[in-house]
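Reminder, nothing fancy here: chain letters follow the sequence lines and each chain counts from 1.
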There are 2 protein chains.
Amino acid sequence: MREFLKTKGYKMTPQRELVFRSFFELGEHVSVDELFDRVKRIDKAVGYSTVWRNLKLICEVGLAREVTVGDGVTRYDRVTRKPHGHFYCLNCKSLQEFDLNEIAGRLSKVATAEKFATESFKVEIEGVCQSCRDKENKKAKRTLSTSPKISRTKPSRQK
Amino acid sequence: MREFLKTKGYKMTPQRELVFRSFFELGEHVSVDELFDRVKRIDKAVGYSTVWRNLKLICEVGLAREVTVGDGVTRYDRVTRKPHGHFYCLNCKSLQEFDLNEIAGRLSKVATAEKFATESFKVEIEGVCQSCRDKENKKAKRTLSTSPKISRTKPSRQK
DNA sequence: TCACTAAATGAAAATCAATTTCAATAGCAA
DNA sequence: TTGCTATTGAAATTGATTTTCATTTAGTGA
């Protein structure tokens with residue numbers, strides 16, 4: 001990894017090494033805060049900006065990619081993993097994955113037809129996951145009459 | 001529209017009417033700021049929060065949907081339009097659309113197979129559009145040796 | 001028509017994630 | 001080792017989004 005970065009003009013440092021390693025240990029839909037938490041557990045002197053910058057760097061050198069689902073927090077996925085889409089549960093905010101093999105093929109065709117040079121795909125299905133629907137059904141009696149209002153909440157940064 | 005909102009428990013106001021009308025006049029990938037600008041042209045007493053809240057309301061009652069591409073600005077699409085994906089040009093930040101008819105069908109199947117209750121799809125292809133590539137090719141000689149660094153810029157709110 | 005109540009408004013402030021600044025530190029090539 | 005430059009950590013800044021709060025107003029029922 002040290003050599004790989006050198007070819008791209010970057011130096012290796014203990015902090016960088018720790019951030020990279022931690023990211024690849026987590027691997028799926030990692031947010032800066034999650035990664036920061038994990039890094040802190042090993043070395044609590046490492047700063048948030050260092051984690052952030054190195055996560056960006058991991059993307060920059062092509063080892064990860066941003067995933068932006070609708071909750072305002074950017075997450076990162078390893079690119080070595082095979083193409084997949086995401087189910088985003090509007091209720092519990094969880095992410096599940098699904099395979100994208102044939103769909104990716106079709107998307108490529110569409111892009112080519114439109115003379116668009118594809119860099120990456122992003123396929124998301126928003127809805128409600130099975131376990132949330134099961135829970136909803138159980139307490140359906142209680143909430144029959146309340147009309148839904150605008151939700152103004154957002155998940156907050158984990159301290 | 002007044003009646004439609006009443007059934008959902010909302011009142012009609014001149015400001016709301018203006019925001020709704022302006023949104024449907026714009027229609028595609030509308031950001032809060034764009035909508036705010038348009039509303040202001042007709043009535044500059046209308047506040048930003050009113051525009052924001054009513055845009056959220058349009059989503060809430062099911063007439064629009066958020067589109068989040070990777071540039072940090074949330075945009076909104078009418079849901080009455082037929083399903084489409086987006087090409088997002090990483091270079092000029094433009095959005096183009098493409099038809100999603102068959103792909104949507106496949107996604108539905110995947111969702112059903114996973115017992116996921118689909119609310120909406122989001123399909124984006126990031127890359128470089130044709131006109132940007134044409135421009136890139138023309139000035140290719142100039143930029144052969146510069147190695148790409150992390151981009152730290154973001155489009156700023158339009159005043 | 002009038003009065004009442006809950007919803008809506010507008011300005012300003014708060015929030016929150018993302019990004020930058022800056023002074024100090026530390027890789028790495030010569 | 002020396003010098004140059006990238007990197008770091010803390011704090012500040014940015015920019016979009018969301019909330020607060022005092023005031024106004026729509027829609028309901030008398």
Are there any protein N/O atoms within less than 3.5 Å of an N/O atom in nucleotides 27-30 of chain D, and if so, which ones and at what distance?
unit_1 : atom_1 : unit_2  : atom_2 : d
D:dG27 : OP1    : B:Arg2  : NE     : 3.4
D:dG27 : OP1    : B:Met12 : N      : 3.1
D:dG27 : OP2    : B:Arg2  : NH2    : 2.9

Every protein N/O lying under 3.5 Å from an N/O of nucleotides 10-13 of chain C:
unit_1 : atom_1 : unit_2  : atom_2 : d
C:dG10 : OP1    : B:Gln15 : NE2    : 3.3
C:dG10 : OP1    : B:Ala45 : O      : 3.3
C:dG10 : OP2    : B:Gly47 : N      : 3.1
C:dG10 : OP2    : B:Thr50 : OG1    : 2.4
C:dG10 : N7     : B:Arg53 : NH2    : 2.6
C:dG10 : O6     : B:Arg53 : NH1    : 3.3
C:dG10 : O6     : B:Arg53 : NH2    : 3.3
C:dA11 : N7     : B:Ser49 : OG     : 3.3
C:dA11 : N6     : B:Ser49 : OG     : 3.1

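Rounded to whole Å, the distance from NZ on A:Lys8 to C1' on C:dC28 is 20 Å. For B:Asp33 and D:dA16, the CG to C1' distance is 8 Å, given to the nearest whole Å. Atom NZ of A:Lys56 and atom C1' of D:dT7 are 18 Å apart (whole Å).
Side-chain heavy atoms closer than 4.5 Å link hydrophobic residues (I, L, V, M, F, W, Y) into clusters, and following such links, even through other members, never connects B:Leu95 to B:Phe87.
Salt bridge absent: A:Glu66 and A:Arg75 never bring a charged side-chain N and a carboxylate O closer than 4.0 Å.
Using a 4.0 Å cut-off, no side-chain N or O of A:Asn54 falls inside it from OP1 or OP2 of D:dT7.
When the ring pair (Phe, Tyr, Trp, His ring centres under 6.0 Å) test is applied to B:His84, the partners found at least two apart in sequence or on another chain are B:His86. Residues satisfying the side-chain hydrogen bond (donor to acceptor under 3.5 Å, both in side chains) criterion with A:Arg65, sequence neighbours excluded, are absent altogether. Annotation: side-chain hydrogen bond (donor to acceptor under 3.5 Å, both in side chains) contacts of A:Asp99 (sequence neighbours excluded): A:Asn101. Every residue two or more places apart in sequence or in another chain that forms a side-chain hydrogen bond (donor to acceptor under 3.5 Å, both in side chains) with A:Arg106 is listed here: B:Glu102.
A:His29 and A:Glu34 share no donor-acceptor pair across their side chains, judged by distance under 3.5 Å alone.
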- side chain to side chain contact (heavy atoms under 4.5 Å, CB included) between B:Arg2 and B:Lys11: does it pass, once the steps are laid out? CA-CA 7 Å; B:Arg2 181 176 230 97; B:Lys11 297 173 179 175; over 6 Å; no
